[in-house]
Asks: 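Let me begin by handing over the structure; questions about it come next.
Model, not experiment: these values are computed from the prediction. All heavy atoms count here, side chains included; hydrogens, waters and symmetry mates do not. Numbered from 1 within each chain, the chains take letters A, B, ... in sequence-line order.
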Protein chains: 2
Amino acid sequence: MSGIKDIAKKTGLSLATISRVLNNSTLVSEKTKSIVLNAAQALDYQPNLTAAALRSGKSKIIGIIVPEINNPFFSSIINGIEQYVGKNGYSIIIAQSHESKKKERHAIQSFVKLNVDGILVSISKESNDFSFLDKLKQEKIPIVFFDRKPQIDNIKEVVFDDYYGAFMATEHLIQQGGNHLIHIAGDLNLSLYKDRKRGFQAAMERYQKSYAENHVLELKKNSAQDTQILKDHIQKNNVDSIFVNGDEDCIYVLNIIKSLGYKIPRDIRLVGFGNLSISTLVQPPISTIDQRAEDMGMVAAKTILQSLDEKQPTSFKEVLSPKLLIRESSKVISS
Amino acid sequence: MSGIKDIAKKTGLSLATISRVLNNSTLVSEKTKSIVLNAAQALDYQPNLTAAALRSGKSKIIGIIVPEINNPFFSSIINGIEQYVGKNGYSIIIAQSHESKKKERHAIQSFVKLNVDGILVSISKESNDFSFLDKLKQEKIPIVFFDRKPQIDNIKEVVFDDYYGAFMATEHLIQQGGNHLIHIAGDLNLSLYKDRKRGFQAAMERYQKSYAENHVLELKKNSAQDTQILKDHIQKNNVDSIFVNGDEDCIYVLNIIKSLGYKIPRDIRLVGFGNLSISTLVQPPISTIDQRAEDMGMVAAKTILQSLDEKQPTSFKEVLSPKLLIRESSKVISS
DNA sequence: TTGTACGCGTTATCAT
DNA sequence: ATGATAACGCGTACAA
């Protein structure tokens with residue numbers, strides 16, 4: 001392995017010329033160009049990106065912060081990001097916040113110290129202080145939020161239309177004959193779960209189903225308790241349809257419902273959210289809202305790369321639209 | 001944000017002294033030390049890791065290559081790695097091989113150019129040329145293989161005892177009264193799937209069950225075909241127990257078997273491999289071999305960090321031992 | 001104990 | 001079109 005110095009030595013040309021061939025490629029004769037490239041090949045030239053980063057200020061590295069990397073939704077997004085930026089010669093560096101705003105801040109600090117060219121982040125549930133945005137602006141490091149974002153202006157964000165996705169899911173349940181619907185909500189500290197709840201409510205009102213706050217439940221993540229709560233609710237209100245905030249919770253609910261002796265979809269119909277691969281592995285396969293995680297990753301990646309050569313930071317918002325996937329869990333059995 | 005130059009200016013001390021306080025910390029008086037640290041705090045000092053990396057040759061970055069990041073097993077391993085190295089001040093950079101040896105080589109190249117301090121890799125199914133090891137040795141970049149590794153000597157590896165895990169799974173099925181067992185194999189290009197197959201065979205022989213090559217099936221990943229194959233096999237050979245190479249395939253098989261009208265575990269008992277979170281979400285929950293993905297990540301991380309200050313490369317092998325998790329899918333129903 | 005000065009491998013500016 | 005040289009920010013051998 002060798003550097004430009006070695007090529008200079010071998011060809012008798014100057015460092016500057018070598019560098020020019022390897023970068024701009026302009027202002028240099030075709031002849032010397034090929035000489036340099038041949039020598040580079042022969043010597044197995046490998047640029048030292050650290051040195052280039054120090055000198056140029058561009059590290060060709062994009063930092064990513066997610067709550068948990070081993071969460072199928074986030075790892076699929078990361079997959080999308082990696083593929084897109086990788087194709088463009090960038091590497092990704094990853095940190096996890098584990099839903100802690102302290103760790104999130106720490107990760108951003110690290111990224112700044114590493115001179116990343118841009119940052120992609122899906123914020124933690126705790127996050128409420130976004131003063132780090134000023135610092136990043138000073139350092140001229142663009143940042144793009146994906147999926148989970150702060151509720152403030154003048155940011156770049158790639159999000160999913162959670163509101164409309166929830167609306168579609170609920171509407172579908174109603175069109176399948178549902179009259180008594182409930183919604184199992186996610187963590188309402190996150191705006192996206194609030195949006196899903198709002199979408200549920202909107203569809204209920206649109207179709208003139210009675211809606212009250214007690215049509216929205218939050219799980220305790222304690223099987224015995226949740227079973228009891230669901231049982232009471234279903235019996236008291238004749239629940240026939242449930243829209244659940246996410247596929248994982250949906251499968252959890254599915255199993256509880258089955259254990260209570262109800263048949264799905266005959267007695268109760270279910271729709272989840274996210275289209276995780278597990279959603280087709282259970283019986284019955286669950287209907288869900290496809291959240292196109294990889295697409296989100298790609299769009300976020302594209303957005304951050306475009307931001308790199310912006311002189312003035314602009315705001316940006318892309319909303320990915322939902323797609324309803326109808327599977328067994330919500331199909332009315334035609335007699 | 002500022003660098004050591006700013007601190008030097010503010011304190012009137014030399015760059016060297018500042019650097020010493022911030023690094024070695026030795027050979028400097030307590031008084032100036034505190035002066036420097038105070039100034040650093042006041043000025044919001046952030047070391048430029050790129051510059052430090054160029055000068056010292058240590059980037060504080062560990063490169064990771066996995067086939068697919070959105071594979072729960074690998075993302076859990078990465079989680080383990082990230083947590084361990086993060087605690088030690090290292091960052092992780094990730095690339096995917098997508099089972100292509102070309103992309104794998106490319107990723108290694110990139111990592112070398114980025115001056116990563118060490119590399120962790122789980123090789124692709126295609127990989128058969130490991131000449132890059134020489135290059136890394138030259139560059140003094142340690143490499144540790146995890147889970148999937150080349151079958152050569154003098155490497156560092158953190159693997160799982162696939163052979164014994166498969167043996168335990170098979171033994172368990174036999175102890176539950178199984179007499180006619182089959183094994184659904186994974187990609188036999190990978191040594192770990194070969195080991196699982198060998199473990200199955202060994203247990204069969206140990207317990208004097210008739211074993212032949214046709215007791216090992218490979219799936220076509222085509223639902224209609226696989227259904228037919230399984231149906232034939234089960235009927236012809238009175239199959240009562242199936243050991244599947246991994247949890248995902250196991251759930252796939254589970255659904256086929258259920259669709260054929262067999263009851264699990266009454267008619268057929270199943271054991272998977274991996275203990276993915278989905279294994280508890282299906283009905284019945286599937287018994288499996290816990291592969292302790294996070295532990296594997298942590299051990300691999302520990303191993304690579306220890307390798308960093310080795311003068312002479314040594315070989316190393318850690319084998320994580322399996323744990324059988326018995327769930328409904330393999331429980332004999334006591335009458 | 002502290003300061004001076006050089007070098008890490010590039011890129012960029014200014015000459016030629 | 002090409003070359004000489006400074007600079008990026010830090011670490012360290014050497015001098016004081």
Asks: Of all heavy-atom pairs between B:Glu99 and B:Lys125, which one has the smallest distance, and what is that distance?
Replies: OE1-N, 2.7 Å
Asks: Considering only heavy atoms from C-beta outward, does the side chain of B:Glu104 approach that of B:Ile123 to under 4.5 Å?
Replies: yes
Asks: Mind checking A:Thr32 for me? I need base, sugar-phosphate or nothing, with any heavy atom below 4.0 Å counting as a touch.
Replies: sugar-phosphate
Asks: Hey, does B:Leu13 reach any base, or is it just sugar-phosphate, or nothing, if we go heavy atoms under 4.0 Å?
Replies: sugar-phosphate
Asks: Report the distance from atom CG of A:Leu15 to atom C1' of D:dT2, rounded to the nearest whole Å.
Replies: 12 Å
Asks: If you only use heavy atoms from C-beta on, which nucleotide in C:dT10, D:dG9, C:dT11 is closest to the side chain of A:Asn23?
Replies: C:dT11
Asks: Pick out which of A:Leu120, A:Ile304, A:Asp117 makes a side chain to side chain contact (heavy atoms under 4.5 Å, CB included) with A:Pro142.
Replies: A:Ile304
Asks: Using atom CG of A:Asp6 as one end and atom P of C:dT10 as the other, report the distance to the nearest whole Å.
Replies: 8 Å
Asks: Grab the CG-P distance between A:Leu114 and D:dC8 for me, whole Å please.
Replies: 20 Å
Asks: B:Ile4 CD1 to D:dC8 P: how many Å, rounded?
Replies: 12 Å
Asks: Using a cut-off of 4.0 Å on non-hydrogen atoms, how would the nucleic acid contact of B:Ser29 be classed: base, sugar-phosphate, or nothing?
Replies: sugar-phosphate
Asks: Taking atom C1' of C:dG9 as reference, at what distance in whole Å does atom CG of B:Asn48 sit?
Replies: 15 Å
Asks: Which word best sums up how the rings of A:Phe145 and A:Phe130 line up, parallel for under 30°, tilted for 30 to 60°, or perpendicular for over 60°?
Replies: perpendicular
Asks: Could you work out which one of C:dT11, C:dG9, D:dG3 sits closest to the side chain of A:Thr17?
Replies: D:dG3
Asks: Rounded to the Å, how far apart are B:Ile18 CD1 and D:dC10 P?
Replies: 11 Å
Asks: Figure out the NZ/C1' separation between A:Lys113 and D:dC10, and round it to whole Å.
Replies: 15 Å
Asks: Measure from the side chain of B:Ala16, starting at C-beta and using heavy atoms only, and say which of C:dT4, C:dT11, D:dC10 lies closest.
Replies: C:dT4
Asks: Picking from C:dT2, D:dC8, D:dT2, which would you name as closest to the side chain of A:Val28?
Replies: D:dT2
Asks: Within the pair A:Ser14 and D:dG3, is there a side-chain N or O less than 4.0 Å away from OP1 or OP2?
Replies: yes
Asks: The side chain of A:Ser19 lies closest to which of these nucleotides: C:dT10, C:dT11, D:dC10?
Replies: C:dT11
Asks: Is A:Glu30 touching bases, backbone alone, or none of the nucleic acid, heavy atoms closer than 4.0 Å?
Replies: nothing
Asks: With a cut-off of 6.0 Å (strictly less than), are more than 12 heavy atoms of other residues, nucleotides or ligands near NE2 of B:His106?
Replies: no
Asks: Could you tell me whether the side chain of A:Arg55 has a donor or acceptor atom within less than 3.5 Å of a complementary atom in the base of D:dG9?
Replies: no
Asks: If you check the B:Arg20 side chain, which of C:dG3, D:dT2, D:dG9 turns out closest?
Replies: C:dG3
Asks: Can you tell me the distance, in whole Å, between the NZ atom of A:Lys5 and the C1' atom of D:dG3?
Replies: 16 Å
